[in-house]
*Asks:* 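Below is a structure I'd like to ask you about.
Letters go in sequence order (proteins before strands), and every chain restarts at 1. Quick caveat, the model's predicted, so the values are computed rather than measured.
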2 protein chains.
Amino acid sequence: MPRDIDRRAARTRKALHQALLTLMLRKGYEALSVQDIIDEADVGRSTFYAHYTGKEDLLRSGFQMLRQELKEAQSTVRAGAEASHGDPLGFSTAMFDHAARYADHYRTMIGGRGGAVTENEIRLILSEMVRQELPATLHGDAAPRDFVVQFIVGAFLTALNWWFERKPKLSPSQVDAMFRSLVLHGLSSSIGGDRRPSAD
Amino acid sequence: MPRDIDRRAARTRKALHQALLTLMLRKGYEALSVQDIIDEADVGRSTFYAHYTGKEDLLRSGFQMLRQELKEAQSTVRAGAEASHGDPLGFSTAMFDHAARYADHYRTMIGGRGGAVTENEIRLILSEMVRQELPATLHGDAAPRDFVVQFIVGAFLTALNWWFERKPKLSPSQVDAMFRSLVLHGLSSSIGGDRRPSAD
DNA sequence: TATAATAATGGACATGCTGTCCGGGATTTC
DNA sequence: GAAATCCCGGACAGCATGTCCATTATTATA
């Protein structure tokens, strides 16, 4: 049953998404105009607006597709993820590896080059992922789970950005090690004198 | 020797900065047009472009002023900052207090509402501050100082955003406590089973 | 294969913002 | 007071936006 979507509509959508991706790699998201996109995709002006309300709509739609793909991929990964039993950040290694492989795309999305919408969308996706992967062995004493999730996501994006901008030569595992050290143990692992966790 | 700058020019600049601030509180930065700004400031179109190349230029100029004010204020604070002797995050409390007092402004600048430029500018200012405040007792073993600075700034912005968006009722000191707990000791303070930091 | 739906096209159109230019008028400085 | 400096207002071309429509092409279906 090809009841889903007309081939033509599907083709147009795919062309637009592809054009958006290409142009984002070339000029960044903010600098793009709808005009640029439809030129690159070779699609009529009215056709574009028949599918999306603007470039932001197109972008969000793209992220929604990505989110679904990730959701499926996650189920697969989850099967062999028994190894991360006592490790609350068992997923980080895979994420840095992934970022290394698709460095170009990550770069365009992260660090201001992608614009506020993009970064926000990425934060949402990562938050979902972290929220599910983070084990329940976490006590809510120090900080609410919500807060911890945001903290981890923020640290991850910070690590990625620093990696790409300052030390692109480092291997994924090296950056991962720094990330884990800071997120798991905080500054205490880098401070000479440690403080007693007693009365203060 | 008279003034460096003509009074009229100074007045125009001040009016434009004021208008920008007002409108950012009302509509956010991204949604603003130069037209809006000059209307609000009651300044001629050509006059605007005689001073700034666009709204981004105006914004940056505003941040540069802010940066100078902070630099001076910092010297003052530095005098009585002897208390933060063994505390690598001695400055955080003051920052959360400040954020609480100017919550409206912080909200407009942070969390996507302010746009990429704004957030980037804020990151720069905060990075400068943290870089100077962070004591030299920090060992570069686990992660480069650069990385640690970015990590702290990111965590601070994350905390602020979470605070404003999810738990605006909390007091500055409460959020500060969570922030310090996570940044100083990481997740280990929230995890049930701790792992030995020996061979791994 | 014929036919009815559905989608894409290209062009026109009103609208709004941008950035630049100029001449007359106002304010400030010397 | 005179000269320098700044502001104003208007006009201008350029470009992007969103919307409309008549026409053409593709697709699904009987």
*Asks:* Under 3.5 Å, is there an N or O donor on one side and an acceptor on the other linking the side chain of R8(B) and the base of dT28(C)?
*Replies:*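 Result: no qualifying N/O pair found.
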*Asks:* Any salt bridge linking E40(A) with K55(A)? Criterion: basic side-chain nitrogen under 4.0 Å from a carboxylate oxygen.
*Replies:* no
*Asks:* Start at the 5' end of DNA chain C and walk down; is the nucleotide closest to Y49(B) or to V43(A) reached first?
*Replies:* V43(A)
*Asks:* When all nucleic acid strands are considered with a 4.0 Å heavy-atom cut-off, which category describes S33(A): base, sugar-phosphate, or nothing?
*Replies:*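 The residue S33(A) makes sugar-phosphate contact but no base contact.
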*Asks:* Closest nucleotide of DNA chain D for K55(A) versus for A9(B): which of these residues is on the 5' side?
*Replies:*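 Closest to the 5' end, via its nearest nucleotide, is A9(B).
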*Asks:* Take the protein atom CD1 of I38(B) and the nucleotide atom P of dG16(C), then report the distance between them rounded to whole Å.
*Replies:*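 Nearest whole value for this atom pair: 15 Å.
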*Asks:* Side-chain donor or acceptor of S46(A) under 3.5 Å from a matching atom on the base of dG10(C)?
*Replies:* yes
*Asks:* Can you tell whether the side chains of D146(A) and K167(B) come within less than 4.0 Å, N to carboxylate O?
*Replies:*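 So D146(A) does not pair with K167(B) through a salt bridge.
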*Asks:* Is the shortest heavy-atom distance from the side chain of M109(A) to the side chain of E119(A) under 4.5 Å?
*Replies:*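 SC-SC contact between M109(A) and E119(A) ruled out.
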*Asks:* Determine whether a donor-acceptor pair (one donor, one acceptor, N or O, separation below 3.5 Å) exists between the side chain of R45(B) and the base of dG10(D).
*Replies:* no
*Asks:* H51(A) has an atom NE2; how far is it from atom C1' of dT19(D), in whole Å?
*Replies:* 16 Å
*Asks:* Among dG18(D), dT18(C), dT5(D), find the nucleotide with the atom closest to the side chain of D6(B).
*Replies:* dT5(D)
*Asks:* Need one value for D42(B): base, sugar-phosphate or nothing, where a base atom within 4.0 Å counts as base even if backbone is also close, heavy atoms only.
*Replies:* sugar-phosphate
*Asks:* Can you tell me which nucleotide in dA8(C), dT17(D), dC6(D) comes closest to the side chain of V34(A)?
*Replies:* dT17(D)
*Asks:* Go through dA8(C), dC7(D), dT28(C) for me and flag the one nearest to the R11(B) side chain.
*Replies:* dT28(C)
*Asks:* Under a single-linkage definition using a 4.5 Å side-chain heavy-atom cutoff for Ile, Leu, Val, Met, Phe, Trp and Tyr, are L70(B) and M95(B) assigned to the same hydrophobic cluster?
*Replies:* yes
*Asks:* Nearest to the side chain of R7(B), which nucleotide is it out of dG11(C), dA8(C), dT29(C)?
*Replies:* dT29(C)
*Asks:* Assess the pair F179(B) and F151(A): is the distance between their ring centroids shorter than 6.0 Å?
*Replies:* no
*Asks:* To the nearest angstrom, how far is D36(B) atom CG from dC17(C) atom P?
*Replies:*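 Answer to the nearest Å: 7 Å.
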